[in-house]
A.B. asks: 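Okay, handing you the structure first.
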2 protein chains.
Amino acid sequence: MARQQGSKVRAPTMADVARLAKVSPQTVSRVLNDYEFIKPHTRDRVLQAIDSLDYRPNMAARTLATSRSRTIGVIATDYLSYGPATALWGVEQAAREAGYGVSIVSLRESNYRTMTEALERLASQSVEGVVMIAPQDATAHAAFVSFDEIPVVTLSSYESGVHKPIMLDSAEGSRIATRHLIDLGHRVIRHVSGPAGFTVSESRVQGWRDAASEARLVATEPLVGDWTAESGYVVGKELARDHRATAVYVANDRMAQGVLLALHEAGRRVPEDFSVVGFDDVPEAAYLIPPLTTIRQDFTALGRRCIEAVLALINGEPPLEPEPLIPNLIVRQSTAPPLQ
Amino acid sequence: MARQQGSKVRAPTMADVARLAKVSPQTVSRVLNDYEFIKPHTRDRVLQAIDSLDYRPNMAARTLATSRSRTIGVIATDYLSYGPATALWGVEQAAREAGYGVSIVSLRESNYRTMTEALERLASQSVEGVVMIAPQDATAHAAFVSFDEIPVVTLSSYESGVHKPIMLDSAEGSRIATRHLIDLGHRVIRHVSGPAGFTVSESRVQGWRDAASEARLVATEPLVGDWTAESGYVVGKELARDHRATAVYVANDRMAQGVLLALHEAGRRVPEDFSVVGFDDVPEAAYLIPPLTTIRQDFTALGRRCIEAVLALINGEPPLEPEPLIPNLIVRQSTAPPLQ
DNA sequence: CTTACTATTGTTTGCGGTAACGAAGGAGTG
DNA sequence: CACTCCTTCGTTACCGCAAACAATAGTAAG
């Protein structure tokens, strides 16, 4: 139990354990790997030796011998924002539960080169699979180009014939959000979208258009932001000048926050004069002024699914059919029927 | 350049490269490790062979042979919030620049057992060092108890005789925040602190007390939150009823957001009736209503320092003297002189 | 009492690298 | 010209583990 103190004492190996337990190294290995035909007595001796030497198996050696690293690589372009961070959390939890470790590489910039480098890096660490948290089209694209040696699962909504990503049905979320506004009686509903190049930007715009046209409303051009509160604030000012519109559906909560501020500064009250719906349900959404009505995404579940999917691939099982998760509406105080 | 297609083609090894380049495996190894006495001609042949076989060194084998994994382990109790996530980002970036990979383990619950497990896990992956993102006393504590085989650097503000953590001077940040309010003319300044058990909770309370007593003000008991916006909202209601106080310094931005909402609902205007200062400067702080005056922490720098510190330890250099970073005040619109 | 298994353990080999050592050839030196 | 030293390679052994194969003892079956 007591740890080795002080300097460079070589860590105990299986041979040391074997010697102490008076068995062969292979037997120690068997105990460690839950081989069934071990006498309880022998097992106990080995276990006790392991414990008293404080032996810990050397993953590198095991990986070399088995070419299984029990490690999943994660490539993320961003895990500072709530969504990706939470997904990463889910990935890591699920991975650990499955006995896997997680090695992560982040990309400040995502293009073919950086993607390839990241994959090479992970490949040389012999990761058994890779989860790519890739909100951008370019990133998702890059995933296909490169490896077929290592199973790769993408968390995005980019679809391709090659492999299906784990995703949330963004368009459906959009429809739900927009319909909520329509049901409240809004007729002119604008949209603040994410930037071009992000798959979810597209699909959210699409869902908004769909819901609008179903209700025979015209969807004017969306305003484009870049996911940040700042961009929401900027387009929010423009929105505040639009006196035909009575509601806006914003593609994420952070931009919605900026919109809220711009509206406030322009003297337009939410929800009396203007209804606002966001997307994501970040933990802070409930404490904005006013508390934000939004679409909740279960990022953790998304992350967990990624692991299920890579694991299936790793074990050569048929690839998981990834029916997209359906997000749900959380009604708070930023939406109300229009006044007039 | 072209990748191996399809099924189970054994990845090329150094021997394959050696054969193709007509040299010994050892020479390939030398080229890979920048050994100086290699004829340019030989080096080129090897490099070309590597390229044409698309050879990638096997980290597991290298680790086994050298017992250097070129991997840093990270233990985090939380990387969903902005601070830890950003620190993790800094760690990962700096690690990569130094040629290290990052393997992460998160703890949903941090006590001696989970800490030890995490360290064991990382140790068996032969990480060369560990960075612990440990805001809680308990976690920071656990760091000492365990390993002296592997260098561990803690990102926290828990001090001990054994090793100094990488930290930001929380108390100083508190003083700056509080002095800002004092300078504006506030005489009754309350404090919303983080929960017990977090080192920064303590030191922020301390800084607030210091600044208050310097100015010969009485610091009434702090209100205690748990870092979440929700808890800020709860204590904010209480705060709204305190009509002697004209200002509050909140230990983090998220709680400050909750306070803002509570104040708003109680009809107390910010900053006219009540000034609010936060801590962290999360990206959203600038887009709250009103934009929040706060103390900015450079989490990325903190993360980078952690890597510098572990690296020093790993290379047997004298441990870095970690002069704490000094945060700075960002004045926005949630603070103003008291009315009367 | 053989024979045929089965349960249990040991021995050998190899995973893909690098460290340590050795050796050949050329340059410099007295 | 013999001797030493440096450059540039190759050879051997080993890192810590598990796969493959072998061996032993017991047990059930014939």
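Naming: A, B, ... by sequence-line order, numbering from 1 per chain.
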A.B. asks: Can you tell me how far C1' of C:dG16 sits from CG of B:Leu53, to the nearest Å?
C.D. replies: 15 Å
A.B. asks: Let me know the distance between CD of B:Gln125 and C1' of D:dC17, rounded to the nearest Å.
C.D. replies: 16 Å
A.B. asks: Rounded to the nearest 0.5 Å, how far does CH2 of A:Trp89 lie from CZ of B:Arg108?
C.D. replies: 7.5 Å
A.B. asks: Can you measure from CZ (B:Arg56) to CD (A:Glu120) and round to the nearest 0.5 angstrom?
C.D. replies: 5.0 Å
A.B. asks: Is there side-chain contact between A:Tyr100 and A:Ile314, with at least one heavy-atom pair below 4.5 Å?
C.D. replies: yes
A.B. asks: What nucleotide, of C:dA19, D:dC21, D:dC15, holds the atom closest to the side chain of B:Leu64?
C.D. replies: D:dC15
A.B. asks: Rounding to an integer number of Å, can you tell me how far B:Gln26 CD sits from D:dG10 P?
C.D. replies: 9 Å
A.B. asks: From C-beta outward on B:Ala65, which listed nucleotide comes closest to its side chain: D:dA20, C:dT9, D:dC15?
C.D. replies: D:dC15
A.B. asks: Is the shortest side-chain N/O distance from A:Ser24 to OP1 or OP2 of C:dG10 below 4.0 Å?
C.D. replies: yes
A.B. asks: Using OP1 and OP2 only, check whether a side-chain N or O of B:Thr27 sits under 4.0 Å from D:dT8.
C.D. replies: no
A.B. asks: Hey, what do you get for CD (A:Gln26) to CG (A:Asn33), rounding to the nearest 0.5 Å?
C.D. replies: 8.5 Å
A.B. asks: Could you state the CZ-C1' distance from A:Arg19 to D:dG16, rounded to the nearest angstrom?
C.D. replies: 13 Å
A.B. asks: How sharply is the helix from C:dC1-D:dG30 to C:dG30-D:dC1 bent, taking the axes over five pairs at either end and rounding to 10 degrees?
C.D. replies: 40°
A.B. asks: Which nucleotide, D:dA18, D:dC17, D:dA20, lies nearest any side-chain atom of A:Thr66?
C.D. replies: D:dA18
A.B. asks: Quick check against the 3.5 Å criterion: does B:Glu128 have a side-chain atom that pairs as donor or acceptor with the backbone of B:Arg70?
C.D. replies: yes
A.B. asks: Any salt bridge between B:Arg121 and B:Glu117, counting N to O under 4.0 Å?
C.D. replies: no
A.B. asks: Regarding A:Pro25, tell me which of base, sugar-phosphate or nothing describes its non-hydrogen contacts under 4.0 Å with the strands shown.
C.D. replies: nothing
A.B. asks: One thing to verify: whether B:Glu92 and B:Arg96 come together as a salt bridge, which I'm taking to mean a side-chain N less than 4.0 angstrom from a carboxylate O.
C.D. replies: yes
A.B. asks: Below 4.0 angstrom from OP1 or OP2 of D:dA18, is there any side-chain N or O of A:Ser29?
C.D. replies: yes
A.B. asks: So, the side chain of B:Thr114 versus the backbone of B:Glu109: is there a donor-acceptor pair under 3.5 Å, distance only?
C.D. replies: yes
A.B. asks: Within the modelled atom types, does a donor on one side and an acceptor on the other bring the side chain of B:Arg56 and the base of C:dG16 under 3.5 Å apart?
C.D. replies: no
A.B. asks: Once you round to the nearest 0.5 Å, how far does CG of A:Leu80 lie from OG1 of B:Thr86?
C.D. replies: 5.0 Å
A.B. asks: Categorize B:Val23 for me: base, sugar-phosphate, or nothing, with a 4.0 angstrom heavy-atom threshold over every strand shown.
C.D. replies: sugar-phosphate
A.B. asks: Name the nucleic acid region contacted by B:Met14, choosing base, sugar-phosphate or nothing; use a 4.0 angstrom heavy-atom cut-off, strictly under.
C.D. replies: base
A.B. asks: Could you list by number each residue of residues 32-48 of chain B showing a heavy-atom separation from DNA chain D of less than 4.0 Å, or answer none if no residue does?
C.D. replies: B:Tyr35, B:Phe37, B:Ile38, B:Lys39, B:Thr42
A.B. asks: Quick one: CD1 on A:Ile72 to CD1 on A:Ile307, what's the gap to the nearest 0.5 Å?
C.D. replies: 5.0 Å
A.B. asks: For the pair made of CZ in A:Arg68 and C1' in D:dC17, what is the distance, rounded to whole Å?
C.D. replies: 15 Å
A.B. asks: Separation of A:Asn58 atom CG from D:dG16 atom C1', in whole Å?
C.D. replies: 6 Å
A.B. asks: Which nucleotide, D:dA18, D:dC21, C:dG16, lies nearest any side-chain atom of A:Arg30?
C.D. replies: D:dC21
